[in-house]
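Keep in mind that this is a model prediction, so the values were computed, not measured. Protein chains get the first letters and strands the later ones, always in sequence-line order, with residue 1 at the start of each.
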Amino acid sequence: MDTSQFIQRDETCWEIQPKGAMRVPAIIYADAQLLQDMDQKVYEQLTNVATLPGIVEAAYAMPDAHWGYGFPIGGVAAFDPDQGGVVSAGGVGFDISCGVRTLLTGLNIAELQPHKQALADALYRKVPAGVGSKGKIHLNHKAMHGMLTGGAQWALDQGYGEPQDLERIEEHGCMAGAESHYVTPRARERQKDEMGTLGSGNHYLEVQRVAEIFDQNVAKTFGLRVDDMVISIHCGSRGLGHQIGTEFLKEMVMSAAQYQIVLPDRELACAPLNSPLGKHYLGAMRAGINCALANRQIITHLTRQAVATLFPNIHLGLLYDVSHNTCKLEQHMIDGQRKSLFVHRKGATRAFGPGHPDLPTVYKEVGQPVLIGGSMGTSSYVLCGTKESEQRAFSSACHGAGRAMSRTQASKQWQGRTLVDKLAAQGIIIRSPSMRGVAEEAPLAYKDVGAVVDIADRAGLARKVARLEPVICIKG
DNA sequence: ATGTAC
């Protein structure tokens, strides 16, 4: 896009001053190159978000931002319920609570080498992947309610996982305020056989090698050493989250006029936080968060089982579990005053700094682990939250590389089989039910994740701790 | 992202 539309505030901060219906500025964190390469749609969508009622401070875009539904993916916006603030289904995203969880193995990658193919096979057999994938778990009405209100805590109670997993999950594995009665029969129907499945698109289960450490102290606290094997899971709330998003979006479009909300774009449909519709969405969305937390918890259990067939004596402990499609009630300082705000993060990771009360004790001194998934075949990163991120974007950071090309464009340009062979030659094993899906996820269809993470680090959104390289990737 | 349109 045209960078002359911005006032450059510092090395990584670009501002669009309020104009027209904008209530606050729009701010993008990027360098000149990333900003130039960013779709003009990010500018339009972010300035549209800045017009919404009750928005506080600014509408923010992370360095991985790209064109999304209504809100850009990589967008952060906070709303004050006492100032007419709103909640938007498109501002959370359709894959509610999509996120990344990383497991530590303590195993040196060299020990994996003789078992690499076998582990790829075991994981691929154990964890269902792909569009409409179903698992071995089938939820009746009671179990569905338990899952929607209990999240990873429910999964643990069903025997999936270990008690010590919970403290290393946002919300300690259970999102409070979930109201399962706002989740429709149709959404439940779509989910009842999908627990413990990866889904499709950019979702994956990846065995990785710790390739580089940027901060020895924090890496030690996080349990990361060079050449350690780790496993990351990227997925969300599957059909259920999508159905909740679809249904509430429609209702929000229909009721906008009733709430006197002027929408610059239908896709920005929202409802006042204090309205019945806003509250119902929050209740359903929180149930969607629990679905994603339970899903990643079950996949963790399946992963442990698969790994145990080859390495019966190792323990897979959680590094952390982050969600990057949410709207959460948080305390933030605005003009020296503590405010309770509803922070939308869509394709953006929460990144609380050192000392934050919601962090597990083990990470309280260093800050929250921020898990950044790379694209297929490229590096992933572990960062940690900083104090200054609170002032930069409500303690938020990027969530991945960010698409640089549409799925259709990518599937025309590359062939799945060729990519799989090419990555195999680099020592990366890909297992996927869909070669078209693989083509859509071609590494070059994404931005350079290293450049994105460098900007997040330089902007103070989060600090680089470690780089992970893929070894085995189970793709949805 | 998604029973890749209801």
Greater than 12 external heavy atoms within 6.0 Å of A:His181's NE2: yes
Tell me what A:Gln191 touches on the nucleic acid: a base, only sugar-phosphate, or nothing, going by heavy atoms under 4.0 Å. nothing
Please report, rounded to the nearest Å, how far the C1' atom of B:dT2 is from the CG atom of A:Asn295. 14 Å
Would a 4.5 Å heavy-atom cut-off, applied to side chains only, mark A:Thr102 and A:Val382 as touching? no
Would you indicate what A:Gly199 reaches in the nucleic acid, counting non-hydrogen atoms under 4.0 angstrom: base, sugar-phosphate, or nothing? sugar-phosphate
OP1 or OP2 of B:dT2 under 4.0 Å from side-chain N/O of A:Ser200: yes
Rounded to whole Å, how long is the line connecting atom CD of A:Glu247 with atom P of B:dC6? 12 Å
A:Phe94 CZ - B:dA5 P separation (whole Å): 13 Å
Counting just side-chain N and O atoms, does A:Arg407 come under 4.0 Å of either OP1 or OP2 of B:dT4? no
Between A:Thr246 and A:Gly239, just flag the one whose closest nucleotide in DNA chain B comes earlier from the 5' side. A:Gly239
To the nearest Å, give me how far apart CG (A:Leu240) and P (B:dT2) are. 12 Å
May I ask you to decide if the ring planes of A:Tyr363 and A:Phe222 are parallel, tilted or perpendicular, using 30° and 60° as cut-offs? perpendicular
Side chains of A:Trp154 and A:Gln297: closer than 4.5 Å at any heavy-atom pair? no
Atom CG of A:Leu249 and atom C1' of B:dT2: how far apart are they, to the nearest Å? 14 Å
Tell me what A:Arg403 touches on the nucleic acid: a base, only sugar-phosphate, or nothing, going by heavy atoms under 4.0 Å. nothing
A:Gln409 CD to B:dT4 P: how many Å, rounded? 23 Å
Atom CD of A:Glu189 and atom C1' of B:dT2: how far apart are they, to the nearest Å? 16 Å
Specify the separation, in whole Å, of atom CZ of A:Arg238 and atom C1' of B:dT4. 13 Å
Classify the ring geometry between A:His234 and A:Tyr204 as parallel (under 30°), tilted (30 to 60°) or perpendicular (over 60°). perpendicular
